[in-house]
Amino acid sequence: MIKNNANSPSIELISGAYSSKFWDNLCDVCENEDSPINVYSTLATLHKMNKDKEAFELIQSLHDLVGLDLPISVASLNNHQNAQTAYITELLLDIEDMI
């Protein structure tokens with residue numbers, strides 16, 4: 001389980017606004033029902049290993065693969081490592097709620 005250490009309401013709102021559509025689209029395009037869980041596990045592992053830049057790049061690529069534009073508010077975090085880390089934490093927490 002991911003713990004929220006970043007007490008940022010704006011990042012939480014950004015994740016909350018887009019995570020459901022992202023997760024639903026990801027589940028829709030995966031033929032294997034384990035694939036979305038594997039994606040979650042990969043993101044969580046990268047996050048735990050402090051590889052948030054790589055996790056954020058994966059999130060950007062996944063948006064493209066599932067046919068979603070990366071939301072402007074998410075894209076704006078591109079050059080802000082601490083904000084990316086907070087966003088990934090919130091996204092993982094949101095996904096945990098949907099699994």
Side-chain angles (χ1 to χ4, degrees):
M1 175 176 277
I2 304 297
K3 294 181 181 175
N4 180 358
N5 294 324
N7 300 325
S8 174
S10 60
I11 297 292
E12 183 178 330
L13 292 173
I14 291 170
S15 176
Y18 303 110
S19 60
S20 180
K21 185 170 179 98
F22 167 72
W23 187 251
D24 289 345
N25 281 32
L26 180 64
C27 291
D28 287 346
V29 300
C30 292
E31 292 181 20
N32 180 335
E33 63 185 39
D34 292 333
S35 293
I37 302 301
N38 293 338
V39 167
Y40 167 81
S41 296
T42 300
L43 286 171
T45 298
L46 287 169
H47 185 56
K48 288 177 188 173
M49 295 174 60
N50 295 318
K51 300 284 186 178
D52 292 318
K53 180 180 186 283
E54 292 81 357
F56 194 76
E57 290 171 355
L58 178 58
I59 291 164
Q60 291 173 314
S61 297
L62 288 169
H63 272 80
D64 187 42
L65 289 170
V66 302
L68 291 174
D69 290 330
L70 189 68
I72 293 170
S73 56
V74 176
S76 71
L77 306 177
N78 200 31
N79 294 319
H80 305 282
Q81 185 65 39
N82 290 339
Q84 286 179 8
T85 298
Y87 174 75
I88 293 164
T89 298
E90 291 301 328
L91 178 65
L92 291 169
L93 288 168
D94 290 342
I95 291 172
E96 283 178 8
D97 290 341
M98 292 181 267
I99 293 178

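Reckoned from all heavy atoms, side chains included, excluding hydrogens, waters and symmetry mates.
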| message | If you compare all heavy atoms of His80 against all heavy atoms of Ser76, which two are closest, and at what distance to 0.1 Å? | response |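 Reported closest heavy-atom pair: CD2-O, 3.2 Å.
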Minimal non-hydrogen separation, Ala55 against Ile88, with atom names: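 It is CB-CD1, 3.7 Å.
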Inter- and intrachain pairs under salt bridge (Lys or Arg N to Asp or Glu O under 4.0 Å), touching residues 52-61, at least two apart: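 Residue pairs with at least one partner in residues 52-61: Lys53-Glu57.
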Kindly compute the distance separating [atom1] ([X]) from [atom2] ([Y]), expressed to the nearest 0.5 Å.
X     : Y     : atom1 : atom2 : value
Ile99 : Tyr40 : CD1   : OH    : 5.5 Å
Ile59 : Phe22 : CD1   : CZ    : 6.5 Å
Leu68 : Leu26 : CG    : CG    : 9.5 Å
Tyr87 : Ser73 : OH    : OG    : 7.5 Å
Asn82 : Leu77 : CG    : CG    : 11.0 Å
Leu43 : Leu92 : CG    : CG    : 6.0 Å

Paired with His47, the side-chain contact (heavy atoms from CB on, under 4.5 Å) test is passed by just one of Leu91, Thr42, Thr89, namely Thr89
Which residues pass the side chain to side chain contact (heavy atoms under 4.5 Å, CB included) test with [X], sequence neighbours left out?
X     : value
Ser20 : Asp24, Met98
Asp34 : Asn32, Asn38
Asp97 : none
Leu65 : Leu62

Check your understanding: Are Asn79 and Gln84 close enough that some pair of their side-chain heavy atoms sits under 4.5 Å apart?
Key ->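 No, every pair of side-chain atoms sits at 4.5 Å or beyond.
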If you define the side chain from C-beta out and look only at heavy atoms, does anything of His63 sit under 4.5 Å from Val74?
no
Residues passing the ring-ring contact (aromatic ring centres under 6.0 Å, His included) test with Tyr18, sequence neighbours excluded, are none
Atom CD1 of Ile72 with >12 non-hydrogen neighbours under 6.0 angstrom: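 No, CD1 of Ile72 has 12 or fewer neighbouring heavy atoms, counting only those of other groups under 6.0 Å.
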